[in-house]
Each structure stands twice: as C-alpha cells, then as structure tokens.
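Worksheet: the structure to be examined is printed underneath.
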Amino acid sequence: MPPTTSRLPGPAAEIATRLRTLLEDARPGWPRRALYALASLPFGALYLALYAGLVGSVVALIYGVGVLLILLVLATTRGFAGLERRMARDLLGVPLPDGERVRDRRGVVQKLRRLVLAADTWRALGWLGARVLMGLATLATLLFGGFGFAYLGWGADWNALTALPLFALMALDVVLTLAVVDLLVRLAAAVAPRLLGTAPEQRIAALQQSTRRLADRNRLARDLHDTIGHALTASLLQATAARRTLTPTDDRPVQPDFARQALGHIETNTRAALAELDRALSVLRAEDGSGDPGAFAPPSLADLHDLLAGLRDGGLPVALVVDGETDDVPAGIQELVYRVVQEGTTNVLRHAGTPVTVVQVARSRDTLVVRVRNEHTGQPDSRPGPGGGRGLAGLRERAAVVGGTLTAGPTPSGGFDLVAGLPLPGAA
Amino acid sequence: MTELRLLLVDDDVLVRSGLRVILESEPDMTVVGEAGTGREALTVAAETDPDVVLMDVRMPDLDGIAATAELVARDPRRPRVLVLTTFEDDDYLFRSLQAGASGFALKRSDPDELVDAIRVVARGTSLVLPDLTRRLIASHAPSRARGAAALPELTGREADVLRLVAGGLSNAEIATELYLSRETVKTHVSSVLLKLGARDRTQAVIAAYESGFMTA
C-alpha cells in the first residue's frame, strides 16, 4: 500500500497495530499462555528459595556438611526441570524431549557422577534462574499496570472533557500490560529449548545409537535375504516342480524320482531356514532388551577396515597398523578388539575432534595388543581422567573376563592412549 | 507355435532344477542351458543362442546386472533378458532394466505368471508386470538422468503411442484406445523404438522418463 493513502496518525497507528497483533495472537492457546505467565509467580518464588538453599549449602560446605545439601538441591533442580519441561510442552507447545533420568543409571556412583557432572543439571539450574527473573518481571509488570489502571480509574479528575482521553489511557494501560506479559512468555518459549532441550552430548549418543541400530538392522535384513529368503525360494520352486512331475500329462509320465529328491531338498532347506530364523529372532529379541545385537555375526578384525574407512569419511585421519599373523585369533577376541577400536575411535571423535590417530594391532606368540592413540589437537581433551568413561568400563570388564587388561589415559604430549592386552588361549 | 529356447542363470542349483521342470512342462518351452554365474551365462549364451535368459541378480563372479549389460552389448536384439529376483529390491530391479533387461519377475510368483512373463518378454507386445515396471521406472528415472538427451522428433501419433506404452498398455489395448488396428499400432511402436534406439518397449519407457517426455 502506498504510504499516502490512508495512514492514521502515529500513536493511533501504533495502537491499531498492537491491537491487531494482539488479536492475531489470541490463538486458541491464549488461556494456557496466560496460565503459564501466572504460574511463573509462585514457581519463581519457589525457585528463588531453591537458589537460596544452594547458596546456603555452599556456605554450609565450608563447615563440611554442605555436600549432601548441594546434592539435594541439584536433585530437586532436576526434578523441577522435568515439571518445567512438561509445562513448556503442554502450555506453550514447545517441543521438548523428556530429560535423562539419573535414576536410570546403574550404581550410586554413576548416579551421583551424572547428577553433578551432566550439563543438563546446570542448564536446568540456569532455567530455574530464568524463571525467577520471569516471575519478578511478570510481577512488576502486573503491579505497574494495575497501579496505573487504579490511578487512572479512581485517582484522576473525571469530567466531560477528560473522560475520553482517560478512558483511552486505561485501555492503553491494559494493552501494554498484556503485551509485556505476552512478550515474557514468548521469551521463555524461545529460551526453553536451549536450557531444557536435549544436550549436544545426548544428541550425539542418540545419533550413534540409532546409526548402530540401523547398521545392525541392515545387516540382519541382508542376512535374512541371503539365508531364509534363498532357502524358501529354492524350496518353493522344488515343491512346484515336484507337484508337476507327479501330475502326468499325455506326453509326460509321473517322475517319482525327481519328486523324492525334491522333497529331500525341501526338507534340508526348510530345516536350515528354521535354524536361521531362530538366530534372527534371538537377535531381534536381544535388540529389545539389553542384549548385544552384534551377536548375530560378531564383527572380526577384517571388519576393522570398514570401520576405519567410515571414520575417515567422517574426517578422522586414522591409520591401521597390524603386526603379526591374526588369522587364528579366536572370534571372541577378534570381536573384543573390534569393540575396543570402535570405542576408542569414537571417543577420539567425541572428545578431541579429528586429531591424527593410529590404531595398532600387534600379535605376539601369546598375546594380542590393541592400541588406539591420538595426537594432541589444541582442543582441550574433555575425557574423564585415567579411568575412562562408561564405555571403557564395560570393555575393561570384558577384557578382564578373558584374562586381559585395558588401560586408558593421556599421553605426555597431550594426546590420549587406549591400550588393551589380551592373552591368546593355548599360550602357556 | 515356435519353440522358445530358454537359458536359466542362478547360483542355486535347486532353483535351476525346479525352474527347469516347471518350464519344460510347458509345450512351447525348452531349457537349452543352465549357468551358475554371470560369466558362465555369457559362455553358455554364446553356445546355445537362447531366445530368453532367466537371470538371477545376485551371483558370484559376475552379477546379473553386469551379465545383462554384456549380453545386450553383444547383440541388442537377442536374447531378451527376464530378471528373476527373490525380493522386490527397487534399486537392483531398476539397474537391471537400465542394463537392458526387458522385464522382471519374482521367483515366488505363480508358475503360470512366470510362464506368461517369459512369453510376454519373447513377444515384446507389452510390458511384464506393467504397473510395477512403470512405477519403478517413473520413481527412479527422473532423479538419475539430469540433462539426458531430448527425444528425437516423433510424429503426433508416435508420441501418443509412446505415452500409452509408457503407461503400461499392451498393443491390443493401445489399438482400442486410439481406434487403430493392431497392425498399425505395431508399426508405430516399431518406428518409435527405431527412433529412440530402444531394443524393446521397456527401454523405450526408460527413455521416455529419462528425457522428461513422461513425468513421474
């Protein structure tokens, strides 16, 4: 529209625009948004108390009894973050996934470690702080707006001359108050995904897990295709052919020999297909629970090449050095080596970026040593100290089962080194 | 009825022996050879000169797609290739059609359907599994052939015929649709194939989609 046609004077235009925006914003969800704004008053007060508790327990820490209090406050924070997620989801329609539950971690140490170290906890604390501020701002806005309204309504000098402007001012007061409260709600909706959403670490883990599951599933599909699909197709064709040979026509007599042979083939094929089906189903069942889907066709040393090729495609400069004959290494050990390399290289990507990395597999007469070592990258390596994280703990247990060891820790040059020494059976 | 000479190519001997019994029980079909790999198929095809090759896709040595391409490169007119698959794997199927196969059939299909498919491939008057084939080509061809050459000049009638061929219609159906005699339709189809340089109607359909003449 050209500016000259019908343009209202400045303030009136502004009011009109604001009114229009307000009306447009009065979507079906506005009562929920209003509820959310009002809820920030009591919740803000509650969270303020929580903060006070945190400060109190830090002070108490000095006297040595604050540790438990801090843990309590952090646990409460995470609990309220769950509630906040639900409120933001239900009242504001912000898509937020459920947070991780510390409760689901195994072992008290794991629970506590997660509680204190997870970025989630501190982001949740930040969010509660934001809600305190939002509560204060909402309160201030409502008080200010309310006072203004009351002053205009009862304190001002109403007469025929002032009635209209005063009335307009009261309307403006209401509109402005609502607009500011609405703005606060919008701000909360915009910030919520940052502080209550999925942490990057969790997203990476979920991505890796789904990739692994997809790969397992594809492998399973291919295996089913090759084994059961093939066996059933052959059986079907043999059965069809056998039926034909048993149905004589004018120029073709019954051929019982072929039919007998075909039935033998069908029997063998079907038995093999059922065995494969059994294996495939056990894998699928294991996928539901905590079983290892890799059990169907455990990865071997030969699969290392594919694994590393995938990582190279992902940008990690990684080399593989194999010393000694590895053909006769038992399948169980081969799989463990594969898992160590998988975990080690994944950790490099996760914690150090894409430094030069060397994977070494060295076989002596009675041991197999696998090593994943990366150079320093300048990027601070955020790995937990010499012990290593959860994945490494699992591998260390598996190494111990076969009588081996697994050590992990930073190198003097600022890189990281993961070494597993696995004894080979039959060695004295 | 002239006898159809068939070559069976599959790495599973049980699949071959089953197919042989089923197909030989048809009065107009003879199995003239069997092969267990794509490379073997090329040798046996040269020795036996079959009309139709029933080709498995996944085989050791040389797979069915490469073997089909090689057969077509040797002689664009014969043999025709019917690809046999265990599962409907779109990508494999489209690639085998692109390599020059005239059609595909599932190994698990009813024997009568399989026999029909072989006759259709041999005659070339219609597509095998017209709906499936058309959908497969329509969904795969456009994305793969950016900048493909435009179709050569077709007369109005020829363009009509090509559109219906690509729609999966047989010669008889096209004759009814366009109020033409079957002989006339046959002539039009032949000249379309000639202009497109296509060995059969399946290849003509692929060309129609890849050139953008037909859109998905």
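Here the structure is a predicted model, which is why all the values come from computation and not from measurement. Residue numbers begin at 1 in each chain, while the letters A, B, ... track the order of the sequences. Just so you know, these numbers use all the heavy atoms, side chains as well, and skip hydrogens, waters and symmetry mates.
Here the closest heavy-atom approach between residue B/R108 and residue A/L236 is recorded as CA-CD2, 3.5 Å. Considering every non-hydrogen atom in both A/L237 and B/K107, the closest pair reads CD2-O, 4.0 Å.
B/T176 is linked by a side chain to side chain contact (heavy atoms under 4.5 Å, CB included) to nothing, counting only residues two or more places apart in sequence or in another chain. Residues passing the side chain to side chain donor-acceptor pair (under 3.5 Å) test with B/S181 are B/T184, sequence neighbours excluded.
Within residues 318-330 of chain A, no residue has any heavy atom under 4.5 Å from a heavy atom of chain B. Residues from residues 13-27 of chain B that place a non-hydrogen atom less than 4.5 Å from a non-hydrogen atom of chain A comprise B/L14, B/V15, B/S17, B/G18, B/L19, B/V21, B/I22, B/S25, B/E26, given in numerical order.
A distance of 13.0 Å separates OG1 in B/T86 from CD1 in A/I228, rounded to the nearest 0.5 Å.
Residue A/R243 places its CZ atom among 12 or fewer non-hydrogen atoms of other residues, nucleotides or ligands, all under 6.0 Å distant.
Both the backbone and the side chain of A/A234 come within contact range of chain B, judged by heavy atoms closer than 4.5 Å. Using a 4.5 Å cut-off between heavy atoms, B/D11 contacts chain A through its side chain alone, with no backbone atom that close.
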